[in-house]
Number of protein chains: 2
Amino acid sequence: MPKDRAPTRIQKKNRAAILEAALNVFSAHGFRGATVDQIAAEAGLSKPNLLYYFPSKEAIHTALLSGLLNVWLAPLHDLDENGDPLEEILSYINRKLQMSQELPRESRLFANELVQGAPRIRDNLSNDLKSLVDQKTAVLTTWMDQGKIARLHPYHLIFSIWSLTQHYADFEVQVRAILGEEDPFEGAAPFMETLYRKLLTP
Amino acid sequence: MPKDRAPTRIQKKNRAAILEAALNVFSAHGFRGATVDQIAAEAGLSKPNLLYYFPSKEAIHTALLSGLLNVWLAPLHDLDENGDPLEEILSYINRKLQMSQELPRESRLFANELVQGAPRIRDNLSNDLKSLVDQKTAVLTTWMDQGKIARLHPYHLIFSIWSLTQHYADFEVQVRAILGEEDPFEGAAPFMETLYRKLLTP
DNA sequence: TCTTGATTTGACCATCTGGTCAAACTCACG
DNA sequence: CGTGAGTTTGACCAGATGGTCAAATCAAGA
């Protein structure tokens with residue numbers, strides 16, 4: 001393990017390669033289903049070499065998840081209480097849908113973890129996520145109080161956005177098995193726009 | 001392995017115990033994350049004894065999945081083209097939501113499999129599932145043509161129902177982390193009823 | 001170029017895991 | 001109660017897996 005100095009050129013390159021490989025492998029097979037050998041091979045390193053950069057399989061997973069959590073929550077963070085309510089929400093939905101399209105591995109990484117009870121990120125859920133959601137549902141509730149959007153259960157409104165957008169990444173095989181050649185996102189975007197316009201119009 | 005005669009009392013009891021235990025373990029840890037020892041212990045059998053009833057870990061998983069696929073698809077199968085369109089769809093949604101509540105392990109079993117690319121049930125998706133969905137989307141399209149429900153992309157309408165209802169089972173930890181003590185399904189049912197009434201009203 | 005710290009690796013280890021097998025035990029039934 | 005089929009188990013195996021370590025190699029600054 002290198003000293004705690006500034007990372008060298010090689011360290012930067014290899015750490016990045018490892019995290020990229022780990023994202024591939026963990027998102028496709030889950031934590032338990034992924035092997036260190038697999039990640040090392042995909043990163044173009046030997047196993048001992050990989051373990052020179054991260055002390056354990058778990059450490060790689062943790063580094064990956066905590067690094068991505070911010071990326072993952074950014075769209076919700078951006079929801080602006082001073083913007084136009086309907087447009088803000090629709091824009092949030094579009095960003096989430098775009099992330100499902102452009103970052104499906106990240107989506108499945110979290111899905112894998114959550115489906116199995118989130119044993120390695122439970123704390124993040126109860127703390128960071130919970131407080132962010134509480135903050136934003138307060139905004140939603142204000143908008144409802146002002147009659148700017150329809151009155152709905154704010155938590156379930158958020159859940160619906162998450163589940164609908166992430167479905168296309170998390171269950172991509174199923175979506176593709178049913179749609180065949182048709183591009184999932186081409187239909188998804190207008191469907192969701194219609195859905196939330198109808199739902200949120202007071 | 002016993003002969004292919006009618007199963008004995010002990011065979012029935014043990015096979016059932018194994019499948020029940022396997023449902024617990026596979027749904028909580030995924031195929032790769034589950035161990036035969038774990039399933040055996042949970043079923044109250046020794047590992048060799050378990051492997052006397054099923055030839056391999058994979059065989060248990062297959063038996064479990066194929067046995068549950070019918071249960072899982074039954075609500076969609078029941079969608080009746082001769083019923084009242086809106087009520088039929090709302091009733092389908094309620095049954096799906098109820099399954100999420102009463103059979104969360106089954107939901108997570110499929111979710112685990114799907115998130116990882118459904119390596120063991122790909123065929124079922126492209127065959128059974130695809131044809132059932134095609135059949136039912138035809139019904140939905142007819143209803144739309146007749147102006148009885150709003151015109152929407154029928155596949156995405158189905159996806160939305162799946163994702164919204166199953167979200168509460170598959171990502172239960174997350175839902176609970178955010179809702180706290182509040183019962184998820186108490187809010188989910190009316191939320192979804194409102195959503196789909198607004199969405200489907202022409 | 002030399003030196004020193006950073007990087008890489010082959011060999012190795014303990015444990016876990018799916019699966020096998022022969023021997024022992026139990027049960028139902030004539 | 002004897003017997004043969006059905007059931008259970010301890011001991012075992014091979015391969016996979018996470019991780020270690022000392023030795024070898026490499027890279028960059030003095």
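The figures that follow rest on heavy atoms only: side chains count, while hydrogens, waters and symmetry mates do not. Per chain, numbering begins at 1; letters A, B, ... match sequence-line order.
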Between [X] and [N], is there a contact of a side-chain N or O with OP1 or OP2 at under 4.0 Å?
X: B:Gln11; N: D:dT7; result: yes
X: A:Thr8; N: D:dA27; result: no
X: A:Tyr52; N: C:dT8; result: no
X: A:Asn14; N: C:dT8; result: yes
X: A:Ser46; N: C:dT9; result: yes
X: A:Asn49; N: C:dT9; result: yes

Among the candidates [options], find the nucleotide nearest to the side-chain atoms of [X].
X: A:Ile10; options: D:dT9, D:dT20, D:dA27; result: D:dA27
X: B:Pro48; options: D:dT9, D:dT8, C:dA11; result: D:dT9
X: A:Lys47; options: D:dG19, C:dT7, D:dG10; result: D:dG19
X: B:Tyr53; options: D:dT7, D:dC21, D:dG19; result: D:dT7

Integer-rounded Å distance: [N] [atom2] and [X] [atom1]:
X: A:Leu51; N: D:dT17; atom1: CG; atom2: P; answer: 14 Å
X: A:Ile60; N: D:dG19; atom1: CD1; atom2: C1'; answer: 12 Å
X: A:Leu45; N: C:dT7; atom1: CG; atom2: P; answer: 12 Å
X: A:Leu50; N: C:dT9; atom1: CG; atom2: C1'; answer: 13 Å
X: A:Lys13; N: C:dT7; atom1: NZ; atom2: P; answer: 10 Å
X: A:Arg9; N: C:dA6; atom1: CZ; atom2: C1'; answer: 11 Å

Whether the [X] and [Y] side chains hold a donor-acceptor pair (N or O, under 3.5 Å, no angle test) is what I'd like checked.
X: B:Asp134; Y: B:Tyr155; result: yes
X: B:Thr201; Y: B:Arg197; result: no
X: A:Tyr168; Y: A:Ser107; result: no

Margin query: If you take the centroid of each ring, where Trp contributes its six-membered ring, are B:His61 and B:Phe54 closer together than 6.0 Å?
Written below: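 Judged by ring-centre distance (under 6.0 Å), B:Phe54 and B:His61 do not meet the cut-off.
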
Checklist line | Parallel, tilted or perpendicular: ring planes of B:His156 versus B:Phe159, cut at 30 and 60 degrees | finding: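 B:His156 vs B:Phe159 ring planes: perpendicular.
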
Checklist line | For DNA chain D, the residues among residues 16-41 of chain B that have a non-hydrogen atom under 4.0 Å from it | finding: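 Going residue by residue through residues 16-41 of chain B, the ones with a heavy atom under 4.0 Å of DNA chain D turn out to be B:Arg32.
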
Item checked: Base of C:dG19 paired with side chain of B:Lys57 (donor-acceptor, under 3.5 Å) ->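 No, the side chain and the base share no sub-3.5 Å donor-acceptor pair.
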
